[in-house]
Amino acid sequence: MAAKIYVVYYSMYGHVAKLAEEIKKGASSTEGVEVKLWQVPETLPEEVLGKMGAPPKGDAPIITPDDLAEADGILFGFPTRFGMMAAQFKAFLDATGGLWRTQALAGKPAGIFYSTGSQGGGQETTPLTAITQLVHHGMIFVPIGYTFGAGMFEMEQVKGGSPYGAGTYAGDGSRFPSELELQQAFHQGKYFAGIAKKLKSSS
């Protein structure tokens, strides 16, 4: 039976959504896995989003907390807010108390990807502070480490991401993931899928 991998994200301006799509491609390139994109619910009114210049959401379905239990592995993606995950994603995780009580997610592998506004804006603190959510659910954090190879040491161009996972810089909102950042996202999806598949087959 194929391993089910969910790529669950929140994206206000589309940067995290771009990473999510590439992560899905990478995971889908691994034989023996099924990959699905999900969005978490928006918490801001349309009027507020309009004033903030947020574009329409993508076509990925809206996930509920109970949907998480069906996955064999989950990759969580979100933009940063002051060095931590955006409130919309935190609100979604705050609603997973029922899964926590039954430890329905315990033993499932989980990965993290993210977007920040600047180079000092949370490329490491955002995933680091998010790990607490995984720990309370008993999930297995799967970082990419330095498995992306030479791309991890790129110094000639601005590149988001870290050993924690794929990342990008949004700047003032006009900068979107570079080709190298998308390659890293693809790598994370493929790498994570391989591990999720191994764990699934050994259970």
Side-chain angles (χ1 to χ4, degrees), residues 3-11 16 19-20 22-24 26-28 30 33-40 63 65 67-81 83-116 121-149 151-152 159-168 181 184-203:
K4 283 186 179 180
I5 296 176
Y6 286 175
V7 181
V8 183
Y9 70 92
Y10 173 74
S11 189
V16 175
L19 292 179
E22 206 64 24
I23 284 174
K24 180 187 177 185
S28 297
T30 302
V33 300
E34 295 177 0
V35 190
K36 185 171 184 178
L37 279 179
W38 296 89
Q39 297 182 80
V40 302
I63 196 168
D67 289 322
L68 294 176
E70 299 173 4
D72 296 306
I74 309 167
L75 286 146
F76 298 106
F78 33 78
T80 190
R81 297 292 185 269
M84 296 187 291
M85 69 173 66
Q88 289 87 340
F89 210 95
K90 182 60 165 60
F92 171 73
L93 291 176
D94 284 349
T96 61
L99 298 176
W100 167 76
R101 279 193 296 273
T102 60
Q103 286 294 281
L105 304 181
K108 296 180 186 288
I112 296 170
F113 59 101
Y114 44 88
S115 171
T116 71
Q123 286 284 313
E124 291 202 11
T125 62
T126 302
L128 178 61
T129 53
I131 290 174
T132 60
Q133 311 293 313
L134 311 182
V135 170
H136 283 266
H137 278 289
M139 303 187 82
I140 303 169
F141 177 50
V142 180
I144 60 171
Y146 284 82
T147 60
F148 187 49
M152 295 296 294
K159 185 192 79 68
S162 71
Y164 292 93
T168 188
E181 289 170 339
Q184 186 175 35
F186 183 96
H187 169 76
Q188 181 175 13
K190 185 174 183 178
Y191 178 74
F192 181 86
I195 292 176
K197 180 181 175 181
K198 287 179 184 177
L199 289 173
K200 170 76 171 177
S201 63
S202 65
S203 62

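Residue indices begin at 1 and follow the sequence shown.
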With rounding to the nearest 0.5 Å, note down the distance linking [atom1] in [X] to [atom2] in [Y].
X: F141; Y: L128; atom1: CZ; atom2: CG; value: 9.0 Å
X: K108; Y: Y6; atom1: NZ; atom2: OH; value: 9.0 Å
X: H136; Y: L105; atom1: NE2; atom2: CG; value: 13.5 Å
X: I74; Y: I5; atom1: CD1; atom2: CD1; value: 10.5 Å
X: T126; Y: E124; atom1: OG1; atom2: CD; value: 10.0 Å
X: H187; Y: Q184; atom1: NE2; atom2: CD; value: 7.5 Å

- Step through the shown structure and confirm whether more than 12 heavy atoms of other residues, nucleotides or ligands are within 6.0 Å of CE on M84. no

More than 12 heavy atoms of other residues, nucleotides or ligands under 6.0 Å from CH2 of W38: yes or no?
yes

Heavy-atom closest pair, residues [X] and [Y]:
X: A110; Y: M139; value: CB-CE, 3.8 Å
X: A130; Y: M85; value: CB-CE, 3.6 Å
X: P65; Y: A95; value: CG-O, 3.6 Å
X: K197; Y: T30; value: CD-CG2, 4.4 Å
X: K90; Y: Q133; value: CE-NE2, 3.5 Å
X: A27; Y: V33; value: O-CG2, 3.1 Å

Test your reading of the model: is there a side-chain donor-acceptor pair from [X] to the backbone of [Y], 3.5 Å cut-off?
X: Q188; Y: A166; value: yes
X: Y114; Y: Q123; value: yes
X: T96; Y: L99; value: no
X: T116; Y: T80; value: no
X: D72; Y: K4; value: yes
X: E22; Y: G189; value: no

Do [X] and [Y] touch side chain to side chain, with heavy atoms closer than 4.5 Å?
X: L75; Y: V8; result: no
X: I112; Y: L134; result: yes
X: V16; Y: F78; result: no
X: I144; Y: Y164; result: no
X: L19; Y: Y9; result: no
X: I63; Y: Q39; result: no

(Q) So, using ring-ring contact (aromatic ring centres under 6.0 Å, His included) as the criterion, who are the partners of Y146 when residues are at least two apart? (A)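 Y146 satisfies ring-ring contact (aromatic ring centres under 6.0 Å, His included) with F153 only.
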
| Can you say whether the rings of F89 and F92 are parallel (under 30°), tilted (30 to 60°) or perpendicular (over 60°)? |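 The arrangement is perpendicular - the two ring planes meet at more than 60°.
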
*Could you go step by step and tell me if E181 and T168 meet the side-chain hydrogen bond (donor to acceptor under 3.5 Å, both in side chains) rule?*
CA-CA 6 Å; E181 289 170 339; T168 188; 2.7 Å; yes

